[in-house]
Amino acid sequence: MRVMAQMAMVMNLDKCIGCHTCSVTCKQVWTNKSGAEHIWFNNVETRPGQGYPRTYEDQERWKGGWTLNKRGQLKLKAGGRLKNLATIFAAPYLPGIKDYYEPWTYDYENLTTAPAQQNMPVARPKSLLTGENTKVTGSSNWDDDLAGSVEHGHNDPILRKVSDKIKFEYEQAFMFYLPRICEHCLNPSCVASCPTGAIYKREEDGIVLVDQDRCRGWRQCVTGCPYKKMYFNHKTGKVEKCTFCYPRIEVGQPTICSETCVGRLRYLGLMLYDADRVLEAASTPDEHGLYEAQRSVFLDPNDPEVVREALAAGIPEDWIAAARRSPIWALINTYKVALPLHPEYRTMPMVWYIPPLSPVVDAVSETGEDGERQENLFAAIDRLRIPIEYLAELFTAGDTGPVDIVLRKLAAMRSYMRDINMGWETNESIAESVGMTGQEIKDMYRLLAIAKYEERYVIPPAHYEDAHKLENVATECSLDVDGGPGMGGMDVSFAEHPARGGGTAVPDRPEGVRINLLNWDGTGTPDGLFPDSTDASAPSGSVGGP
Amino acid sequence: MDGILDLFLWLIFPYIALTIFVLGHAWRYMYDKFGWTSRSSQMYEGDILRWANPMFHFGILAVFLGHVMGLGIPKAWTDAVGVSEGMYHFMAISIGAIAGVFTIVGFIGLVYRRRFTKAVMGATTVMDKIMYLFLGVVILLGLMNTASQVVGEYNYREGVSIWFRSIFYFNPQPELMVGAPLSFQLHAITAIALFALWPFTRLVHVFTAPLGYVFRPYVLYRTRDAHEGSRARRRGWDKVDTIPRRR
Ligand code: HEM
């Protein structure tokens, strides 16, 4: 047994309203710079829908993830090591910019400089690649909601698998949102595809990162990742990916996407797992067995033997304690309501999902029946095969069994808690029907519905022995590297005209100045907040500030 | 010898270029690891790149091996193992011609797409253009030299090759180049200039060809400490003592 700790996430899809706040805040923090326009570490997809980049789940086309060879061993779907090197000069399955979208801006200048004329001047869209007029035809969420389903719905690789019968009815039947970040897999195929070895999994918390200094832009990881969460920055020629906001995680704070989630649907916590068993689990012959196989890799932090081994492996005690309180452990293991996204890719993903019950509830309610009665819900779960088959294609490689069970649990929770909230007599048989006790249902309800901040995010800070390093993180920022958003303390590309490139350097702040915002009266600029411009003609602007 | 110009071209300039090549790469590797990439443009354009880039690369790698043979290995050695002059000649010309044609066709494809795909053109730097110019001229002259071997009587293995090796023995024999045909001289000079430019172009990617991939384990782990490559703290920013927030 080789115990390792993994920071993991669970998203409760019932609560996602598709507002894209997570995507926007993430982008502001990480990829708001030129060359990274198409890079969305976090994106939200309307499902059914083709996803982003379009149809990324069609692995017959994009060849992401792992597959089993004839002898039942894992191999990269895009091909082995020699094929990887042989195809390095032109990666055969690489998405082009058109599979994302052509980045653009608007000619805002025209609004103020256009001569007087009869018609209102307009800001025309300009391509950021060519600088020419362009027609905007897509983006990361262009086909949101029903906007794209008529035109593109048939492109959804999952829907194609599900059924020919009632395809065109699906949009009345159900629709939901799927927020996606990097899965920080236990068996990451991006890491395995990188010819240079620039991508690695952090030993302490399993976060998968790209070493920007070592990345040589061979771009094989983009193909390797079946979730297409490795993004090629077309300006730097390097690959960037979701960082799980490690500078925040290291000081015990939730990721940006979690912190800003309006629906409060994200959970963060540790999972302990047996690293020695990952390969075996990922090689499970039957795709339907992969969900259980991955669960079997996780280790129970309450098991004394596991604790002993974890300590021996150098995992600090407070981390083990945090693993015990981990909401991820509770959702994946205690309540068993969270499921992995596409386990059939065999990468052992670590961002799991609670499938949405709402489409089922809606379907019942629309018939005029009571959408929270257990019998109605259970009957609907049995009846609504399309949504359930669809969900199963997402979360259990097509096996509807586990999805059925999860949805029943969620349905039972609704009915059981409704009785309590209405002051009716509780009906223990509801809990029993899904193999739970009333107390367990109440606990699950607390975690899912009340969802206290402290219970959603159980993040042990990185360790004190390392505190001198953390000072870098907290004060200077570990992102202060070339190409990182912390590059030079401030993103220089803000000052850049995106189409022209180039930019102005950010001057250094004067030495020895401390900023006091507390006594600032709000007028002018406090001393030292902004670096002095070396340009003498610039306004020196310091009014407030004692 | 014709005096100072020849001395410069075949002795001083090669050493200057070599120095720039070595120190330039060391400097670039130390200070610009982030810029060390092939700067792939496949995202912008894939259809031409798909055939042109592999053609160019397989061609140029074969050409490189050809140069190792032709310049690096003394004639005496191949004679010793019994490779006759005719045989060597035939091999060099046939393989060289095939590799050369691959290279040049691929190169033309690459330059064409670079010029006529707007997005690729937009991502082309001045350094790129200079590099393409020199690379193109070197390849073209090289191909001419190979072609000239079919009829020509100049045996570069008794001239250029010895001069080339003499540079590395630090016992240079510039006079050997003075007698070489003009196209050989031009090929050598532009190539040397290209080497001087090399560290400052995207060509640095050649030296990080990922051969280690074949031997390493698939999944890599690193500790947080190990990648602590953080820079020295900037001046002017006060250090604030924070204690990680605990919940
Ligand atoms: C030995 C291993 C080498 C590897 C693995 C390699 C790999 C690559 C890759 C991946 C690209 C980017 C293609 C793209 O997606 O746009 C590239 C571009 C390029 N390589 Fe190499 N290369 C190697 C050697 C060389 C050599 C020896 C030369 C020439 C002396 C060379 C010259 C170039 C040039 C000029 C480009 C730019 C092509 C373009 O976009 O127009 N490479 N190389």
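Protein chains get the first letters and strands the later ones, always in sequence-line order, with residue 1 at the start of each.
- The backbone N or O of A91(A) sits less than 3.5 Å from a side-chain atom of Q42(B), completing a donor-acceptor pair.
- Residue R202(A) holds its CZ atom at 15.5 Å from CG of L220(B), rounded to the nearest 0.5 Å.
- The contact between L85(A) and chain B is made entirely by side chain atoms (from C-beta outward), counting heavy-atom distances below 4.5 Å.
- Between the T130(A) side chain and the K118(B) main chain, no donor and acceptor come within less than 3.5 Å of each other.
- Between Y218(B) and W66(A), the distance separating the two ring centers is shorter than 6.0 angstrom.
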Take H57(B) and I88(A) through the test side-chain contact (heavy atoms from CB on, under 4.5 Å) and record every step on the way to the result.
CA-CA 10 Å; H57(B) 275 88; I88(A) 204 167; over 6 Å; no
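- If you run side chain to side chain contact (heavy atoms under 4.5 Å, CB included) between S40(B) and each of H234(A), R216(A), R219(A), K238(A), only R219(A) comes through.
- More than 12 heavy atoms of other shown residues, nucleotides or ligands fall within 6.0 angstrom of atom CE in M127(B).
- For chain B, the nearby parts of C194(A) are the backbone and the side chain; heavy atoms of each come within less than 4.5 Å.
- For the pair Y246(A)/R224(B), no side-chain contact is recorded, criterion being any heavy-atom separation below 4.5 Å from C-beta on.
- Options P195(A), P95(A), C190(A), G217(A) differ in how many heavy-atom pairs under 4.5 Å they form with chain B, and the most are formed by P195(A).
- With values rounded to the nearest 0.5 angstrom, R222(B) atom CZ is found 10.5 Å from I199(A) atom CD1.
- Side-chain atoms of Y200(A) never come within 3.5 Å of backbone atoms of T223(B) as a donor-acceptor pair (strictly under, hydrogens ignored).
- We find the OH-CG distance between Y213(B) and N84(A) to be 4.0 Å, quoted to the nearest 0.5 Å.
- At a 4.5 Å heavy-atom cutoff, the contact between E132(A) and chain B is made by side-chain atoms alone.
- Only the side chain of L61(B) comes within less than 4.5 Å of a heavy atom of chain A; its backbone N, CA, C and O stay farther away.
- Your options are A90(A), G237(A), G80(A), and the one with the most heavy-atom pairs under 4.5 Å with chain B is A90(A).
- Although no hydrogens or angles enter the test, the distance criterion places no donor-acceptor pair under 3.5 Å between the side chain of R216(B) and the main chain of T196(A).
- Aromatic rings of F56(B) and F89(A) (six-membered ring for Trp) have centroids beyond the 6.0 Å cut-off, not under it.
- With a 6.0 Å radius and a threshold of 12 heavy atoms from other residues, nucleotides or ligands, Y112(B) has its OH atom at or below the threshold.
- When the shell of 6.0 Å around CZ of F207(B) is examined, it contains more than 12 heavy atoms from other residues, nucleotides or ligands.
- Contact of A52(B) with chain A is not made at all, since no heavy-atom distance falls under 4.5 Å.
- Between Y221(B) and M4(A) the shortest side-chain heavy-atom distance falls below 4.5 Å.
- The CE atom of M121(B) sits 15.0 Å away from atom CG of L129(A), with the distance rounded to the nearest 0.5 Å.
- N233(A) CG to T37(B) OG1: the interatomic distance, rounded to the nearest 0.5 Å, is 10.0 Å.
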